[in-house]
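Just below is one structure, and these are the notes that go with it.
Residue numbering restarts at 1 for every chain, and letters A, B, ... go by the order of the sequence lines. What you see is a predicted model; the values in this text were computed from it and never measured.
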There are 2 protein chains.
Amino acid sequence: METQDLKKAGLKATVPRMKILALLEENKVRHVSAEDVYKALLESGEDLSLATVYRVLTQFEQAGLVTRHHFEGGHSVFELNQGEHHDHILCVKCGRVDEFVDKVIEERQQKIAAEKGYNMTDHSLYIFGICSACQKD
Amino acid sequence: METQDLKKAGLKATVPRMKILALLEENKVRHVSAEDVYKALLESGEDLSLATVYRVLTQFEQAGLVTRHHFEGGHSVFELNQGEHHDHILCVKCGRVDEFVDKVIEERQQKIAAEKGYNMTDHSLYIFGICSACQKD
DNA sequence: TAAGTTAATGAGAATCGTTCGCATTTAGTG
DNA sequence: CACTAAATGCGAACGATTCTCATTAACTTA
Ligand SMILES: [Mn+2]
Ligand SMILES: [Mn+2]
Ligand SMILES: [Zn+2]
Ligand SMILES: [Zn+2]
């Protein structure tokens with residue numbers, strides 16, 4: 001249950017945190033914005049503040065529970081950390097998001113960082129395109 | 001001169017556009033924000049509006065003259081299109097930006113898009129790390 | 001080169017996602 | 001159950017960007 005996950009992450013098990021974590025763990029939603037989380041919880045009868053959603057998601061990010069993505073469009077989207085690191089490919093027409101893992105790219109990035117004298121800490125890779133469904137238009 | 005470049009791009013050769021393009025073509029600044037451009041021009045004695053800088057940079061982007069990047073931090077940065085496409089590696093401490101071209105990664109992206117059924121239109125790749133100078137801290 | 005047409009500009013208001021300040025509530029502890 | 005620090009809700013504030021609209025400047029044509 002969420003209480004344990006939160007404690008493990010060094011966070012007090014408050015109601016808003018548990019609700020938000022429970023929502024993410026349902027896995028019905030992935031790549032959600034703070035607004036998405038807020039609305040989903042409101043609709044399911046919870047009463048909480050948008051500011052809290054932002055705060056909690058940021059705390060979850062810092063605790064390593066979620067990853068924040070900057071899919072274009074000026075707002076952050078979050079996803080629960082589960083399974084291995086992956087990157088994303090997005091449809092610029094319908095907003096569909098697919099995930100992929102590519103060992104070759106991961107290694108190349110390490111090599112490039114090393115060549116440039118950087119100590120690599122992170123990376124962000126998005127491929128944009130038209131998904132198969134949207135190509136039939 | 002800038003007049004020709006603008007005409008070629010299908011844009012009226014107005015004063016603000018020429019000043020902005022001239023600034024970018026000086027090549028003393030790369031990866032600049034709209035605010036950077038605005039301040040630089042103010043300091044060099046030009047008088048123009050920040051709204052115009054935003055408008056012009058967006059037009060330049062649409063005309064293919066500049067590329068817009070979303071280096072983390074909630075604001076866009078622009079760079080003049082010259083030479084080949086490249087990606088970026090950024091220092092998370094000092095903000096230094098280096099550029100690189102990697103054929104292997106480019107090809108892999110194409111392959112991934114194809115596998116996922118996407119018609120790839122674009123991609124964005126940023127590597128983050130600590131630059132060699134900042135590692136000595 | 002002056003007049004006309006249309007697009008571009010300047011100034012500031014508006015927008016949008018996100019953060020902040022502060023009074024109030026709550027979780028964890030003994 | 002009382003205590004203390006931390007978390008929350010609310011609304012104001014924020015920063016980057018866009019918009020509105022009156023004014024001005026670029027191309028066109030005569
Ligand atoms: Mn994902
Ligand atoms: Mn560059
Ligand atoms: Zn699509
Ligand atoms: Zn550095």
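- Among the heavy atoms of the strands lying under 4.0 Å from B:Ala13 are primed sugar atoms or P, OP1, OP2 only; no base atom is included.
- Using cut-offs of 30° and 60° on the angle between ring planes, the pair B:His88 and B:His31 is perpendicular.
- The nucleotide range of DNA chain D contacted by chain A, defined by atoms under 4.0 angstrom from heavy atoms of the protein and reported 5' to 3', is D:dA6 to D:dG11.
- Residue A:Gln135 comes nearest to B:Gly117 through the heavy atom pair NE2-O, 3.0 Å, listed as atom of the first residue, atom of the second, then distance.
- Nucleotide C:dT19 holds its P atom 7 Å from the OH atom of A:Tyr54, rounded to whole Å.
- Regarding contacts with the backbone of C:dA27, every side-chain N or O of A:Lys7 stays at 4.0 angstrom or more from both OP1 and OP2.
- As judged by a 4.0 angstrom heavy-atom cut-off over every strand, A:Ser33 is placed among residues making no nucleic acid contact.
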Quick one, give me the B/S/- string for nucleotides 5-13 of chain C, reading 5' to 3', where B means a protein heavy atom under 4.0 Å from the base and S means that only happens at the primed atoms, P, OP1 or OP2.
--SSBBBB-
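- With B:Asp102 as reference, A:Arg108 is the one residue of A:Lys116, A:Arg108, A:Lys111 to meet the salt bridge (Lys or Arg N to Asp or Glu O under 4.0 Å) rule.
- In this structure, A:Ala13 and A:Leu6 approach most closely via the heavy-atom pair CA-CD1, 3.9 Å.
- Closest approach of B:Cys91 to B:Cys131, counting heavy atoms only: SG-N, 3.4 Å.
- Across all non-hydrogen atoms, the minimal contact from B:Ala34 to B:Leu50 is O-CD1, 4.2 Å.
- Of all the heavy atoms in A:Leu42 and A:Asp47, the pair that sits closest is CD2-CA, 4.4 Å.
- Atom CZ in A:Phe78 sits about 13 Å away from atom P in C:dG17, given to the nearest Å.
- Of all the heavy atoms in B:Glu25 and B:Asp5, the pair that sits closest is OE2-OD2, 3.1 Å.
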